[in-house]
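Working notes for the structure below.
Predicted model only: the values in this text are computed from it and were never measured. Letters A, B, ... are given to chains in the order of the sequence lines, protein chains preceding strands, and every chain is numbered from 1.
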There are 2 protein chains.
Amino acid sequence: MASTRDRILDALQDVLLDSGPAGATLDGVAQRAGVSKGGLLYHFRSKDDLFTGLLDRLSAGAAAADAATPPEPEAAARFFLEGSQSADSPEERTLLAALRLLGTHPPARARLASYLDDWAAGLRRTIDDPVTSRLVQLVGDGLFLHALLGAGDPDLDARVIALVLARTRPE
Amino acid sequence: MASTRDRILDALQDVLLDSGPAGATLDGVAQRAGVSKGGLLYHFRSKDDLFTGLLDRLSAGAAAADAATPPEPEAAARFFLEGSQSADSPEERTLLAALRLLGTHPPARARLASYLDDWAAGLRRTIDDPVTSRLVQLVGDGLFLHALLGAGDPDLDARVIALVLARTRPE
DNA sequence: GTCTATATGACGATAGAC
DNA sequence: GTCTATCGTCATATAGAC
């Protein structure tokens, strides 16, 4: 059973994803969550507090992603690279929503930087060579940026991924 | 001599870069540009029109970047990768300001996607192998994302860049 | 071309009933 | 715990003088 608090954060994500921070008003979020503005403000004292709640949810997801990273180098790299391309899972939705807070909510920048770093912890742990590990991370983040902007060429990207994965295999 | 119009767009960039979209009010931009709000609205009919003006300036910069790409594959890749790490030039400032419009101004997403694509046109033209060219682009965009969030490890990144550059050299 | 003054509306947050 | 009602503030945009 989802708590009202969680439903409010879900609504905040929805609003951020389809109207951006400009549409993320207390009224708008409350309406989407099916509560009144007063009800919302009982759970989150201010708009800042609401945004902090979303970033906390994001941080919680980072630990889960780290734990889900496979123990084999190539599988870990594939897990990371393929996860960078889409926005299907609930965790990805939270990330995309949080990215929209950049510029609007100053603490978002540092929290997102930590998130990217925590996510790549699984790569550093699994892949011995730090240069290879960083290469995988940078390519993944590049893919993520393109997915964010709705650009990218799936076929070509698949070939780049294959090239990078080859480097994770012992020779 | 900079026109008033240009000075207003400069002011918009300044405001976006240090207060984010929330601080980008007509009053704030006008004050920074040294004109009144009425004066601003003579040059740009609405806030939307003002944002469009910034995105037009960005598009103009993409063509210049393409033209500035060196004709040799490795030099082109180095130009791209090193340009992805910093935010010094006027063009980079325009890009960073435009990125802040994501979420606030819906058309910004597509315009930014085109910009990234136009920027990489120089790579596609110079580097024969499309997979290598795309690899350079993705790593560059990953570096850019990290620079944007203020993260990154310069020494390690330099080693990744060296690795990628090696692939642009004929064997 | 640039200004001042003002109409109009939206947002964040508080107070207090239920 | 959730609601309605309301206050104060600030933003966009218009109108019209200079």
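Partners of B:Arg124 according to the salt bridge (Lys or Arg N to Asp or Glu O under 4.0 Å) rule, which considers only residues two or more places apart in sequence or in another chain, are B:Asp117. Remark: A:Lys47 engages no residue in a salt bridge (Lys or Arg N to Asp or Glu O under 4.0 Å) (not counting sequence neighbours). With sequence neighbours excluded, the residues satisfying side-chain contact (heavy atoms from CB on, under 4.5 Å) with B:Leu95 are B:Leu58, B:Leu112, B:Tyr115, B:Phe144.
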Can I get a per-line list of side-chain donor-acceptor pairs under 3.5 Å for residues 152-166 of chain A, giving both atom names and the distance, sequence neighbours left out?
unit_1   : atom_1 : unit_2   : atom_2 : d
A:Asp153 : OD1    : A:Asp155 : N      : 3.2
A:Asp153 : OD1    : A:Leu156 : N      : 3.2
A:Asp157 : OD1    : B:Arg134 : NE     : 2.5
A:Asp157 : OD1    : B:Arg134 : NH2    : 3.0
A:Asp157 : OD2    : B:Arg134 : NH2    : 3.2

Distance-only donor-acceptor hits, side chain of residues 26-35 of chain A, under 3.5 Å, sequence neighbours excluded:
unit_1  : atom_1 : unit_2  : atom_2 : d
A:Asp27 : OD2    : A:Lys37 : NZ     : 3.3
A:Arg32 : NH2    : A:Asp18 : OD2    : 2.8

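Annotation: side chain of B:Leu138 is in contact with side chain of A:His146 (closest heavy-atom distance under 4.5 Å). Within the 4.5 Å cutoff, the side chain of A:Leu116 has heavy atoms near those of the B:Leu145 side chain. No side-chain heavy atom of B:Leu50 sits less than 4.5 Å from a side-chain heavy atom of B:Arg45. The shortest side-chain heavy-atom distance between A:Arg100 and B:Leu102 does not fall under the 4.5 Å cut-off.
Within residues 2-18 of chain A, the residues having any heavy atom closer than 4.0 Å to DNA chain D are, in order of number, A:Thr4. Of the residues in residues 100-108 of chain B, none has a non-hydrogen atom less than 4.0 angstrom from any atom of DNA chain C.
The list of side chain to side chain donor-acceptor pair (under 3.5 Å) pairs with a residue in residues 62-73 of chain A, not counting sequence neighbours, reads A:Asp66-A:Arg125. Residue pairs that meet the ring-ring contact (aromatic ring centres under 6.0 Å, His included) test with at least one member in residues 75-105 of chain A, sequence neighbours left out, are A:Phe51-A:His105, A:Phe79-A:Trp119, A:Phe80-A:Trp119.
One end of the helix from C:dG1-D:dC18 to C:dC18-D:dG1 points its axis 10° away from the other end's axis, with each axis taken from 5 pairs and the angle rounded to 10°.
The outermost nucleotides of DNA chain C lying under 4.0 Å from heavy atoms of chain A, listed 5' to 3', are C:dC11 to C:dT14.
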Would you tabulate the nitrogen or oxygen pairs shorter than 3.5 Å linking the protein to nucleotides 12-15 of chain D?
unit_1 : atom_1 : unit_2  : atom_2 : d
D:dT12 : OP1    : B:Lys47 : NZ     : 2.6
D:dT12 : OP2    : B:Leu26 : N      : 2.9
D:dA13 : OP2    : B:Lys47 : N      : 3.1
D:dA13 : N6     : B:Lys37 : NZ     : 3.3

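There is a side-chain donor-acceptor pair under 3.5 Å between B:Thr132 and B:Arg167.
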Checklist entry - Can you check side-chain contact (heavy atoms from CB on, under 4.5 Å) on B:Leu54 and B:Leu16, steps first, answer last? => result CA-CA 11 Å; B:Leu54 182 65; B:Leu16 280 173; 3.7 Å; yes
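To the nearest 0.5 Å, the span separating OG1 on B:Thr4 from CG on B:Asp10 amounts to 11.5 Å.
Enclosure of atom CG in B:Asp128 is not indicated, since only 12 or fewer non-hydrogen atoms of other residues, nucleotides or ligands lie within 6.0 angstrom.
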